[in-house]
There are 2 protein chains.
Amino acid sequence: MKQRPHSECQSALLPIRDALEVLSGKWKLQIIISISTGNQRFREIERSIPGITSKVLAKELKDLEEHQLIKRTVHDTIPVAVLYTPEPYACSLDNVIKALHEWGTGHRKKIIQRETTELPTGE
Amino acid sequence: MKQRPHSECQSALLPIRDALEVLSGKWKLQIIISISTGNQRFREIERSIPGITSKVLAKELKDLEEHQLIKRTVHDTIPVAVLYTPEPYACSLDNVIKALHEWGTGHRKKIIQRETTELPTGE
DNA sequence: TATAGCAGTTACCTGAAGGTAACCAGATGG
DNA sequence: CCATCTGGTTACCTTCAGGTAACTGCTATA
């Protein structure tokens, strides 16, 4: 039997893996968006993202800082103010966020249509 | 103290959540890319994605089929051939994949640069 | 004095994602 | 006859992202 070789797509996959490694999870992109929108304080960001908890937020913020996507600055006021701001590098995600945003919007429409079209049949 | 209101960004976040719900995880996008590249058979796809296992692949394929991103067709040859092909809807992900691909490529470059610039100092 | 805000931390727990390996039945090739 | 291909399934196990809740030290406000 002729062995049909599978198409190599490593060159296409590798960058995707890299990107997913940094951006995967429920929260990272949402946090970047929130900060880019102008939220700077910990509690501000927390409140702007429904469902996130302090613990998870703290952890994700550390990750994002390590990846140089956001900056954490402690202002020596009384009481201290901790500000999170986007690093320039965060802008490089604009296209990703835009693409995801558009797709999510379209997908939601599609789902809603399907739901209203298909009359539920009991199960 | 004046209560600084956190910027609302729900409208920006909701579609992102929707998108992540469908596309999240290590494998979904990689599988779509593999199939779009021309891989159709189960083992073909499996071999084209380093690290994936039959079990995970089977599960992810079901998910993707449910979301109408790929189609599973059983050809009644002997022995039976099962072919996975991209649905038209999969094309709507082109921009997402492209954006992620570009970002991943750039990010990899950045990391490598940092690694070669920073001489390791022992720890 | 009590309450609420700030920026988190800690301990504990759950569920889902994912990995490991064996196995199935039918067909083909050596 | 045995190994290997096909398209998966099954049972078992580990990991960890993420959730819950309490709590810290400090300040400001009522």
Side-chain angles (χ1 to χ4, degrees), chain A residues 1-6 13 16-17 19-32 34-35 39-67 70-85, chain B residues 1-7 13 16-17 20-32 34-35 39-67 70-85:
Chain A
M1 184 193 276
K2 198 176 77 189
Q3 183 76 339
R4 208 143 58 63
H6 66 90
L13 293 188
I16 298 283
R17 282 164 182 268
L20 290 180
E21 209 164 298
V22 179
L23 305 175
S24 67
K26 242 166 128 174
W27 304 114
K28 300 238 169 59
L29 286 174
Q30 298 192 62
I31 293 170
I32 291 174
S34 170
I35 294 180
N39 295 307
Q40 308 199 99
R41 310 294 298 264
F42 189 92
R43 297 291 179 200
E44 242 173 40
I45 301 167
E46 191 177 357
R47 281 191 297 262
S48 75
I49 302 176
I52 203 168
T53 62
S54 332
K55 182 196 141 188
V56 169
L57 179 56
K59 189 216 145 209
E60 300 285 28
L61 285 172
K62 270 175 206 159
D63 284 5
L64 292 173
E65 207 193 336
E66 267 176 28
H67 287 296
I70 61 171
K71 191 164 61 183
R72 179 182 187 270
T73 8
V74 182
H75 287 245
D76 226 348
T77 50
I78 293 181
V80 291
V82 180
L83 296 191
Y84 293 92
T85 47
Chain B
M1 184 195 276
K2 197 176 77 190
Q3 184 76 336
R4 211 146 54 63
H6 66 89
S7 307
L13 293 188
I16 298 283
R17 282 164 181 269
L20 289 181
E21 209 164 297
V22 179
L23 305 174
S24 68
K26 242 166 129 174
W27 304 114
K28 301 238 171 57
L29 285 174
Q30 298 191 62
I31 294 170
I32 291 173
S34 171
I35 294 180
N39 295 307
Q40 307 199 99
R41 311 292 297 263
F42 189 90
R43 297 292 179 198
E44 242 173 40
I45 301 167
E46 190 177 359
R47 280 192 297 263
S48 76
I49 302 175
I52 202 169
T53 62
S54 331
K55 182 195 140 190
V56 170
L57 179 56
K59 190 217 144 208
E60 300 285 32
L61 285 172
K62 272 175 205 158
D63 284 5
L64 292 174
E65 208 193 336
E66 266 175 29
H67 287 296
I70 60 172
K71 191 164 61 182
R72 180 181 187 270
T73 8
V74 182
H75 288 246
D76 227 346
T77 50
I78 294 182
V80 291
V82 180
L83 296 192
Y84 292 93
T85 47

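Residue numbers start from 1 in every chain, and the chains themselves are labelled A, B, ... in the order their sequence lines are given, proteins ahead of strands.
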Exercise. Mind checking whether B/Val82 and B/Thr73 have side chains closer than 4.5 Å, heavy atoms only?
Worked result: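 They are not in contact (no side-chain heavy atoms under 4.5 Å apart), so the answer is no.
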Problem set entry | Validation row: A/Leu29, B/Leu13 side chains within 4.5 angstrom (heavy atoms) |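 Side-chain contact under 4.5 Å: no.
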Rounded distance (Å) that lies between atom [atom2] of [N] and atom [atom1] of [X]:
X: A/Ile49; N: D/dG19; atom1: CD1; atom2: C1'; value: 16 Å
X: A/Ile31; N: D/dA17; atom1: CD1; atom2: P; value: 13 Å
X: A/Leu23; N: D/dA17; atom1: CG; atom2: P; value: 15 Å
X: A/Asp76; N: D/dC26; atom1: CG; atom2: P; value: 15 Å
X: B/Leu29; N: C/dA17; atom1: CG; atom2: P; value: 15 Å
X: A/Glu44; N: C/dG5; atom1: CD; atom2: P; value: 14 Å
X: A/Asp63; N: D/dG18; atom1: CG; atom2: P; value: 10 Å
X: B/Gln40; N: D/dT6; atom1: CD; atom2: P; value: 14 Å

For this session: Using side chain to side chain donor-acceptor pair (under 3.5 Å) as the criterion, point out the one residue from A/Glu65, A/Arg41, A/Gln40, A/Arg72 that pairs with A/Tyr84.
Result: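 Option passing the side chain to side chain donor-acceptor pair (under 3.5 Å) with A/Tyr84: A/Arg72.
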For this session: Starting from the 5' end of DNA chain C, give me the residue, B/Thr53 or B/Lys59, whose nearest nucleotide shows up first.
Result: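 Nearest nucleotide further toward 5': that of B/Lys59.
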Given [options], the nucleotide with the shortest approach to the side chain of [X]:
X: B/Arg72; options: D/dG8, C/dT20, C/dG8; answer: D/dG8
X: A/Arg47; options: D/dG19, C/dC6, D/dT27; answer: C/dC6
X: A/Ser54; options: D/dT9, D/dT27, C/dG8; answer: C/dG8
X: A/Phe42; options: C/dG19, C/dA27, C/dG8; answer: C/dG8
X: A/Tyr84; options: D/dG18, D/dT6, C/dG8; answer: C/dG8

Exercise. Partners of B/Ala58 by side-chain contact (heavy atoms from CB on, under 4.5 Å), sequence neighbours excluded?
Worked result: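 Testing B/Ala58 for side-chain contact (heavy atoms from CB on, under 4.5 Å), a comparison that skips the adjacent residues, returns B/Phe42.
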Exercise. side-chain hydrogen bond (donor to acceptor under 3.5 Å, both in side chains) with A/Lys28: which residues, sequence neighbours excluded?
Worked result: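 By the side-chain hydrogen bond (donor to acceptor under 3.5 Å, both in side chains) rule, A/Lys28 matches A/Glu60.
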Just call it for [X]: base, sugar-phosphate, or nothing, with non-hydrogen atoms closer than 4.0 Å on any strand.
X: A/Ile78; value: sugar-phosphate
X: A/Glu46; value: nothing
X: A/Lys28; value: nothing

For this session: Answer yes or no: does a side-chain N or O of B/Lys26 lie under 4.0 Å from OP1 or OP2 of C/dG19?
Result: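 For C/dG19, OP1 or OP2 has a side-chain N or O of B/Lys26 closer than 4.0 Å.
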Problem set entry | Distance test, side-chain N/O of B/Lys55 to OP1/OP2 of C/dC23, below 4.0 Å |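 No, outside the criterion.
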